[in-house]
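Report on one structure; see the data block that follows.
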Amino acid sequence: MSGAMINVLYFAWMREHTGTASEQITLPDGAKTVGDLLPLLMSQSAGHALALKNMAAVRVAVNRNYGDLKTVVAAGDEIAFFPPVTGG
Amino acid sequence: MSGAMINVLYFAWMREHTGTASEQITLPDGAKTVGDLLPLLMSQSAGHALALKNMAAVRVAVNRNYGDLKTVVAAGDEIAFFPPVTGG
Amino acid sequence: MAVRVQQEDFDVGVESRTLQGPAVGAIALFVGTVRSLRGDDSITAMTLEHYPGMTETEISRIEDEARSRWPLLEVRVVHRVGRLLAGEQIVMVAVSSAHRQAAFDAAQYIMDFLKTDAPFWKAEERGDQVDWVEARQSDSDAHAKWQLK
Amino acid sequence: MAVRVQQEDFDVGVESRTLQGPAVGAIALFVGTVRSLRGDDSITAMTLEHYPGMTETEISRIEDEARSRWPLLEVRVVHRVGRLLAGEQIVMVAVSSAHRQAAFDAAQYIMDFLKTDAPFWKAEERGDQVDWVEARQSDSDAHAKWQLK
């Protein structure tokens, strides 16, 4: 069967580390939360592993609302990872 | 001898009551403070008496600095009487 | 001089740009306008009178006090006098600083003291009726709160 | 929509006038600018990136929170993105209300939450060097103080 897809976004230095602003991934079997996605995401490249290794310094949004590692994810979701914001 | 003159200013409704924005008066003999001027000022007209009858509702400035009835006055001073301010 | 009393209107954009500089990161501005609607009531215009000479002295003194409390870069106060129609701008206070907290606090401080200490008086027009505005207790309270800090 | 994210500069005077209305007596504005001087250091430019879609959602949410706390009339937020040179305007928050306290408080509240919650990121240029800005503890503190009120 074709897996359920989710869209993953990276911003600022996380985008530079991963080398990508946006990637489609297949939701791993049994993955229910943002935290469950991390092993797959970190395996994509050394840059991914570096970007995601300290999640205390990273903020998460699911479908453009703030979440955290325990936020539930489902097919079609947009998951974003980014550093603490510095606008204004 | 010609008396020592002071300049007295009125603003807002006090100007309307006294009918004058500015008047020169001779410093009365023995007058040392703003309060000492009040009997003379109030005798100028019924409107003056009305304007100055409730000094709790009036602010005083001597030479463009806030003062009160006990502020010392001298020849050449500019004494202003006005209601609480309402700018801004 | 950072204080101007004038009949003419002012442009907040132009004033804001004059506060800019290499050390500026934050500009806080306040604009007071002639509020027409007052519950069921409405005013059509107001006339502002002031005490020339003392006004500038008082506002400069307030600015000096603000500068002694916060690290400010530029301060600009413009206050109009004469007859102003409903909706027109009355006053602008603008403050620049490196960071926003100082700029916000100082702008508010200057407005609070301007309201209680700067010698301006307003007369409001409701149709044919003209009334001098009475001083508001809330302005005295806003002034008093700074003594506690 | 009261929130705009754009590359182009904005005119504070024009924005301020659009907040005017018959019930408005007070307009509080804040403008953030690219501060060049940083002690002995200086920056020449910065580049701002954001999360399109989420930015507008977050700022609208912050506006709704502010409206639930204060009786506001108009709220306008303009935030620039892209490369901005030293001295340029970055952000404007403008709030109108009947009275000044609500306008001041709400403008400050919106700025404090925008700083911690709106998904923007800055990279600063010092000569040839480009560094992502780190989040400041003082911004988290400014955000946290509103929880106590």
Side-chain angles (χ1 to χ4, degrees), chain A residues 5-25 33-34 37-38 41 45-88, chain D residues 3 5-6 30-35 43 46-62 77-82 84 89-93 107-124 130-140 142-143:
Chain A
M5 303 301 285
I6 60 170
N7 195 29
V8 181
L9 309 182
Y10 303 98
F11 292 94
W13 59 256
M14 299 192 68
R15 173 176 48 71
E16 292 182 346
H17 281 8
T18 61
T20 184
S22 159
E23 60 193 359
Q24 294 273 330
I25 65 160
T33 67
V34 172
L37 303 177
L38 288 182
L41 295 173
S45 75
H48 280 74
L50 179 64
L52 293 162
K53 87 177 166 186
N54 178 14
M55 287 301 292
V58 169
R59 296 191 78 174
V60 175
V62 175
N63 298 329
R64 304 178 180 183
N65 289 300
Y66 280 108
D68 56 32
L69 294 181
K70 296 191 287 289
T71 303
V72 170
V73 295
D77 280 354
E78 177 176 291
I79 318 293
F81 295 97
F82 48 81
V85 305
T86 57
Chain D
V3 180
V5 178
Q6 62 189 41
F30 177 83
V31 180
T33 62
V34 180
R35 184 164 54 96
I43 71 159
M46 58 173 53
T47 299
L48 277 128
E49 138 175 1
H50 80 124
Y51 183 174
M54 182 168 173
T55 310
E56 295 80 355
T57 304
E58 269 303 303
I59 297 176
S60 294
R61 189 187 59 72
I62 296 167
V77 177
V78 184
H79 203 302
R80 295 177 69 192
V81 289
L84 307 178
Q89 301 184 126
I90 305 169
V91 61
M92 185 203 74
V93 169
Q108 198 158 353
Y109 177 94
I110 291 169
M111 268 311 296
D112 283 350
F113 280 76
L114 187 151
K115 282 267 183 185
T116 52
D117 292 356
F120 291 95
W121 303 274
K122 286 187 186 113
E124 295 176 339
V130 181
D131 298 300
W132 289 101
V133 177
E134 291 203 30
R136 294 169 58 208
Q137 183 60 39
S138 62
D139 288 328
S140 300
H143 174 287

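Numbers restart at 1 for each chain; the letters A, B, ... are given by sequence-line order, proteins then strands. Being a predicted model, the structure only gives us computed values, none of them experimental. Only this structure's heavy atoms are used, side chains among them; waters, hydrogens and symmetry mates stay out.
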Residue pair A/Thr18 / A/Ala51: nearest heavy atoms and the distance that separates them: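 Nearest heavy atoms, A/Thr18 then A/Ala51: CG2-CB, 3.9 Å.
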With a 4.5 angstrom heavy-atom cut-off, which part of D/Asp117 approaches chain A: side chain, backbone, both or neither?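 Both the backbone and the side chain of D/Asp117 come within 4.5 Å of chain A.
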Heavy-atom distances under 4.5 Å only: say whether D/Glu58 touches chain A with side chain, backbone, both or neither.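 Side chain of D/Glu58 only, per the 4.5 Å heavy-atom cut-off to chain A.
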Rounded to the nearest 0.5 Å, what separation is found between the CD1 atom of D/Ile43 and the NZ atom of D/Lys122?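 Taking CD1 in D/Ile43 and NZ in D/Lys122, the distance rounds to 9.0 Å.
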So which of D/Ala123, D/Ser140, D/Pro119 has the biggest tally of heavy-atom pairs under 4.5 Å with chain A?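 Winner by heavy-atom pair count: D/Pro119.
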Parallel, tilted or perpendicular, as decided by the 30° and 60° cut-offs, for the rings of A/Phe82 and D/Tyr51: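 The arrangement is perpendicular - the two ring planes meet at more than 60°.
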Find out whether D/Glu49 and A/Arg15 are in side-chain contact, i.e. whether some heavy atom of one side chain is under 4.5 Å from a heavy atom of the other.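 With C-beta onward as the side chain, the pair touches.
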